Peer 1: 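Structure in structure tokens, see below.
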Amino acid sequence: MQTLSENKCFDGVQGVYTHQSKATGTDMTFGLFLPAEAQDGPVPVLWYLSGLTCTHENAMVKAGAQSWAAEQGIALVFPDTSPRGEGVADDPEYDLGQGAGFYVNATQKPWAPHYNMYDYVTRDLPGLLFNEFALDPERQSIFGHSMGGHGALTMAMNLPERYRSVSAFAPLCNPAGAVWGRKQLTAYLGDDESKWSQHDASLLMAQKGFDGPVLIDIGTDDQFIEFLAPEALATAIAQRRQQATFRMQPGYDHSYFFVSSFMEDHINFHAQALYA
């Protein structure tokens, strides 16, 4: 692991680091905010997964998350959204390839050699972080935005013993049933739709649910709302009687102005679970 930068931030440290990933076979860059409490011992961990076209940097500099995390004594992890670099497959469209890993383990060419973002976020990066930093592996929660909200919800439901809570800003709710999602799942996982269900929040909610609190925020003026398919997830939550808060926020769109407006709510929501 190499340190690219470390800056004092709300009495803690906002760092940016790079390391060689076994999961992706590439160098990967991530951001990590450590609150002041990390100087005295392991602190709870909140994973933030970003959306399409983003890197580790977008939420780190735009979401205003560090101030609220510092107040709660929680670390924030900002992984990248895909492998990058020479020899890594890409696509000219913004919604596939570099910047659009969709948090799956690809099985299809040309994506399979490097696009293993599910393993990167759930195995590779945690293995590094808990070895190198004062973080508590028994107190983890996860959230994300858009494609990252999809990743956070699916990881939480697939790994129910790991995360105490999950939340999402404008998540891609039903990729197996929406135009925005079917293209990527086909490219990364192939035509067999039975292999898609573990990466669809609405299907997972219907099948498994989540043994913990869930918070979803979506803006009523989100320009991508038809692609997000929030109705599918809301229906699955209601039918399962899942412990969840599902909020349609009047007038908000898909931007980081929306995310930053409700970041305090989400971090406080996770703090309740992490300190329970």
Side-chain angles (χ1 to χ4, degrees), residues 1-19 21 24 26-39 43-85 94 98-103 117 120-122 124-126 128-130 132-135 140-152 155 163 166-171 217 254-271 274:
M1 187 185 74
Q2 294 182 330
T3 300
L4 300 183
S5 64
E6 288 184 334
N7 299 94
K8 187 170 183 178
C9 181
F10 295 101
D11 290 326
V13 176
Q14 176 60 64
V16 178
Y17 310 91
T18 186
H19 71 113
S21 167
T24 67
T26 65
D27 287 339
M28 295 293 289
T29 302
F30 66 92
L32 173 65
F33 170 73
L34 288 174
E37 288 83 350
Q39 298 176 24
V43 295
V45 185
L46 183 52
W47 295 81
Y48 182 92
L49 305 185
S50 291
L52 283 169
T53 75
C54 292
T55 69
H56 69 281
E57 190 175 39
N58 294 71
M60 191 178 78
V61 301
K62 292 181 179 181
Q66 291 91 339
S67 62
W68 308 118
E71 199 170 275
Q72 298 289 352
I74 294 172
L76 293 169
V77 185
F78 303 100
D80 203 347
T81 55
S82 78
R84 302 177 191 272
Y94 76 97
Q98 295 187 34
F102 267 75
Y103 303 102
M117 290 303 295
Y120 176 70
V121 173
T122 63
D124 198 5
L125 187 54
L128 174 71
L129 291 178
F130 293 119
E132 296 287 340
F133 299 97
L135 304 174
Q140 298 185 64
S141 291
I142 191 167
F143 67 153
H145 172 230
S146 193
M147 178 185 73
H150 139 80
M155 289 175 184
Y163 304 108
V166 60
S167 73
F169 302 94
D217 274 317
H254 199 74
S255 69
Y256 265 94
F257 297 111
F258 159 63
V259 172
S260 61
S261 295
F262 298 99
M263 182 57 70
E264 180 184 10
D265 286 0
H266 282 245
I267 290 183
N268 290 344
F269 163 80
H270 289 294
L274 290 167

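It should be emphasised that the depicted structure is a prediction, and the values quoted were computed from it without experimental measurement.
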Peer 1: Kindly compute the distance separating OG (S141) from CD1 (I267), expressed to the nearest 0.5 Å.
Peer 2: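 Separation between the atoms: 11.5 Å.
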
Peer 1: Please assess Q72 against N268 for the test side chain to side chain contact (heavy atoms under 4.5 Å, CB included), listing each intermediate value before the final yes or no.
Peer 2: CA-CA 8 Å; Q72 298 289 352; N268 290 344; 2.9 Å; yes

Peer 1: Could you pull out the closest heavy-atom pair between G73 and P44, with the gap in Å?
Peer 2: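 Closest approach of G73 to P44: O-CD, 3.5 Å.
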
Peer 1: Could you state the interatomic distance from CH2 (W47) to CD (Q140), rounded to the nearest 0.5 Å?
Peer 2: 6.5 Å

Peer 1: I'd like to check V45 versus F130 (side-chain heavy atoms, cut-off strictly below 4.5 Å). Are they in contact?
Peer 2: yes

Peer 1: Using 30° and 60° as the class limits, which term best fits the ring planes of H145 and Y256: parallel, tilted or perpendicular?
Peer 2: perpendicular

Peer 1: Under the side-chain contact (heavy atoms from CB on, under 4.5 Å) rule, collect the residues that match up with E37, sequence neighbours excluded.
Peer 2: P35, V43

Peer 1: Can you classify the ring geometry of F78 versus Y48 as parallel (below 30°), tilted (30 to 60°) or perpendicular (above 60°)?
Peer 2: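 Plane angle between 30° and 60°, so tilted.
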
Peer 1: How many angstroms lie between atom CZ of F10 and atom CG of L34, to the nearest 0.5 angstrom?
Peer 2: 15.0 Å

Peer 1: Extract all donor-acceptor atom pairs below 3.5 Å that involve side chains of residues 50-63 and protein atoms in other chains or at least two apart in sequence.
Peer 2:
| unit_1 | atom_1 | unit_2 | atom_2 | d |
| --- | --- | --- | --- | --- |
| T55 | OG1 | E57 | N | 3.0 |
| N58 | OD1 | T55 | N | 2.9 |

Peer 1: Parallel under 30°, tilted from 30 to 60°, perpendicular over 60°: which one fits the rings of F169 and F258?
Peer 2: perpendicular

Peer 1: Taking the side chain as C-beta and beyond, is there a heavy-atom pair between Y103 and M147 under 4.5 Å?
Peer 2: yes

Peer 1: Run the side chain to side chain contact (heavy atoms under 4.5 Å, CB included) test on L128 and Y17 for me, step by step, so that the C-alpha distance in whole Å, both residues' side-chain angles and the decisive distance to 0.1 Å come before the verdict.
Peer 2: CA-CA 11 Å; L128 174 71; Y17 310 91; over 6 Å; no

Peer 1: Do N7 and V16 touch side chain to side chain, with heavy atoms closer than 4.5 Å?
Peer 2: no

Peer 1: Just checking Y94: does its OH atom have more than 12 heavy atoms from other residues, nucleotides or ligands closer to it than 6.0 angstrom?
Peer 2: yes

Peer 1: Sequence neighbours excluded, which residues qualify as salt bridge (charged side-chain N to carboxylate O under 4.0 Å, His left out) partners of D27?
Peer 2: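 Once residues adjacent in sequence are excluded, D27 has no partner under the salt bridge (charged side-chain N to carboxylate O under 4.0 Å, His left out) criterion.
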
Peer 1: Looking at every heavy atom in both H254 and S146, which two are closest together, and how far apart are they?
Peer 2: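 Closest approach of H254 to S146: NE2-OG, 2.8 Å.
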
Peer 1: What I'd like to find out is whether the side chain of W68 reaches to under 4.5 Å of the side chain of H266, using heavy atoms alone.
Peer 2: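 A side-chain contact is absent here, since even the closest heavy-atom pair is not under 4.5 Å.
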
Peer 1: Is there side-chain contact between S167 and H270, with heavy atoms separated by less than 4.5 Å?
Peer 2: yes

Peer 1: Once rounded to the nearest 0.5 Å, what's the spacing between atom NE2 of H150 and atom CE of M155?
Peer 2: 7.5 Å

Peer 1: Within a strict 4.5 Å, meaning less than it, do heavy atoms of the F133 and V13 side chains meet?
Peer 2: no

Peer 1: Is there a side-chain contact between T26 and R84, using heavy atoms and a 4.5 Å cut-off?
Peer 2: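 No, their side chains stay 4.5 Å or more apart.
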
Peer 1: Drop me the distance from E132's CD to L32's CG, to the nearest 0.5 angstrom.
Peer 2: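 Atom-to-atom, E132:CD and L32:CG are 11.0 Å apart.
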
Peer 1: Could you pull out the closest heavy-atom pair between A152 and V166, with the gap in Å?
Peer 2: O-CG2, 3.6 Å

Peer 1: Just how far is it from atom CG of D124 to atom CG of L129, taken to the nearest 0.5 Å?
Peer 2: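 So the CG of D124 and the CG of L129 are separated by 9.5 Å.
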
Peer 1: Return the minimal non-hydrogen interatomic distance between Y120 and P126, and the atom names on each side.
Peer 2: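 Residues Y120 and P126, closest heavy atoms: O-CD, 3.7 Å.
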
Peer 1: Tell me the closest heavy-atom pair linking S82 and M28, and the distance in Å.
Peer 2: O-CE, 3.5 Å

